[in-house]
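The structure under discussion appears below in the form of structure tokens.
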Amino acid sequence: MELYKTVRSEAAATQVIEKSKFIAHVKPVSSREEGDAFVAEIKARYKDATHNVPAMVIGDKSQIQWASDDGEPQGTSGAPMVQMMVKEGLTNLVVVVTRYFGGIKLGTGGLVRAYTGSAKLGIEAAGICSVREIVRLRWQLEYSYLAKLQNMAAAKLDKGDGDEGACGGRFVIEDIEYGEKVVVQICTLPEGVERVKSIVANLTAGTARMMEETADLAKV
């Protein structure tokens, strides 16, 4: 189940509108403190800019929504960016759009379009992704079962059974440790856990030993 949507990584995008240069910087964050630190970093980097307009939405329910117009006419820059992110269902990200004024005034509507458009370009560059709960299972098994288990995982993926990404398909083998026996780390979605346990048990005739089961969040 998708918990929320956010951006995959930090990114930037630039566009020029009526001789004004707009530079959007986007970063995934998990707290207001992280967001504030990123805003301070961008403002320091572009301290000669006309404006550095920040906006952030944080929390799995978008509990924190904050923006500043940084000297632009009230309601023409920061707030529209927040509204755009909320409308797109995005959270846990911060956007700072830097403007170098080019001498031509854009008007209220023009400013809204320029800032939200620049923010969208930055978000597209960062890549939109889903955050889902995943489960990791570590199994110890005999080497003779490894190849077949790998083939089963690949077959599930090839069929496109389930969601693509970090745990696309029914399950993914994330890591293999080679020792006296082989230790395999399998990643699956919560609804696939019992299915994976059944697959491994049937494949190994119940001889595989599950060493660890952990839940985590992942971008997919």
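Hydrogens, waters and symmetry mates play no part in the numbers below; they use all other heavy atoms, side chains included. Count residues from 1 along the sequence.
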Between Tyr100 and Tyr46, how do the two ring planes meet: parallel, tilted or perpendicular, split at 30° and 60°?
-> perpendicular
From Thr214, Asp216, Thr188, residue fulfilling side chain to side chain contact (heavy atoms under 4.5 Å, CB included) relative to Ile134 = Asp216
Value for CG (Asn92) from CG (Asp60), rounded to nearest 0.5 Å, stands at 7.5 Å
Hey, is Glu174 close enough to Arg138 for a salt bridge, meaning N to O under 4.0 Å?
-> no
Donor-acceptor pair, Asp69 side chain versus Gly75 backbone, under 3.5 Å?
-> yes
Please confirm whether Arg32 makes a cation-pi placement over Trp66, using NZ or CZ under 6.0 Å from the six-membered ring centre and within 45° of the ring normal.
-> yes
Heavy-atom closest pair (Ser118 atom, Ala24 atom, distance to 0.1 Å) is O-CB, 3.2 Å
Pairwise salt bridge (charged side-chain N to carboxylate O under 4.0 Å, His left out) hits with a residue in residues 97-118, at least two apart = Glu72-Arg99
Would you give the length of the straight line joining atom OG1 of Thr14 to atom NZ of Lys21, rounded to the nearest 0.5 angstrom?
-> 5.5 Å
Give a yes or no answer on whether the side chain of Thr98 reaches the backbone of Asn52 with a donor-acceptor pair at less than 3.5 Å.
-> no
Checking His51 side chain against Asp70 main chain: does a donor-acceptor pair fall under 3.5 Å?
-> yes
Share the residues that join Val82 in a hydrophobic cluster, the rule being Ile, Leu, Val, Met, Phe, Trp or Tyr side chains under 4.5 Å apart at the heavy-atom level.
-> Val7, Ile17, Phe22, Val26, Val53, Val57, Met81, Met84, Met85, Val86, Leu90, Leu93, Val95, Val97, Leu106, Leu111, Tyr115, Ile123, Ile128
With sequence neighbours left out, what residues match Glu41 under salt bridge (Lys or Arg N to Asp or Glu O under 4.0 Å)?
-> Arg45
Quick check: does any side chain N or O of Thr204 sit under 3.5 Å from a backbone N or O of Val200, one acting as donor and the other as acceptor?
-> yes
Note: Glu213 and Val135 closest approach over all heavy atoms is CG-CG1, 3.8 Å
Are the side chain of Ser130 and the backbone of Lys5 linked by a donor-acceptor contact shorter than 3.5 Å?
-> no
Please confirm whether the backbone N or O of Thr91 pairs with a side-chain atom of Thr6, one donor and one acceptor, at under 3.5 Å?
-> yes
Closest heavy-atom pair and its distance - Gly122, Ala13 | N-CB, 3.7 Å
Is a side-chain donor or acceptor of Glu194 paired with a backbone partner of Glu191 at a separation under 3.5 angstrom?
-> no
Indicate the atoms forming the closest heavy-atom contact of Ala125 with Ala12, along with that distance.
-> CB-O, 3.9 Å
Minimum heavy-atom distance between Ser20 and Gly102, given as atom pair plus value = OG-N, 2.9 Å
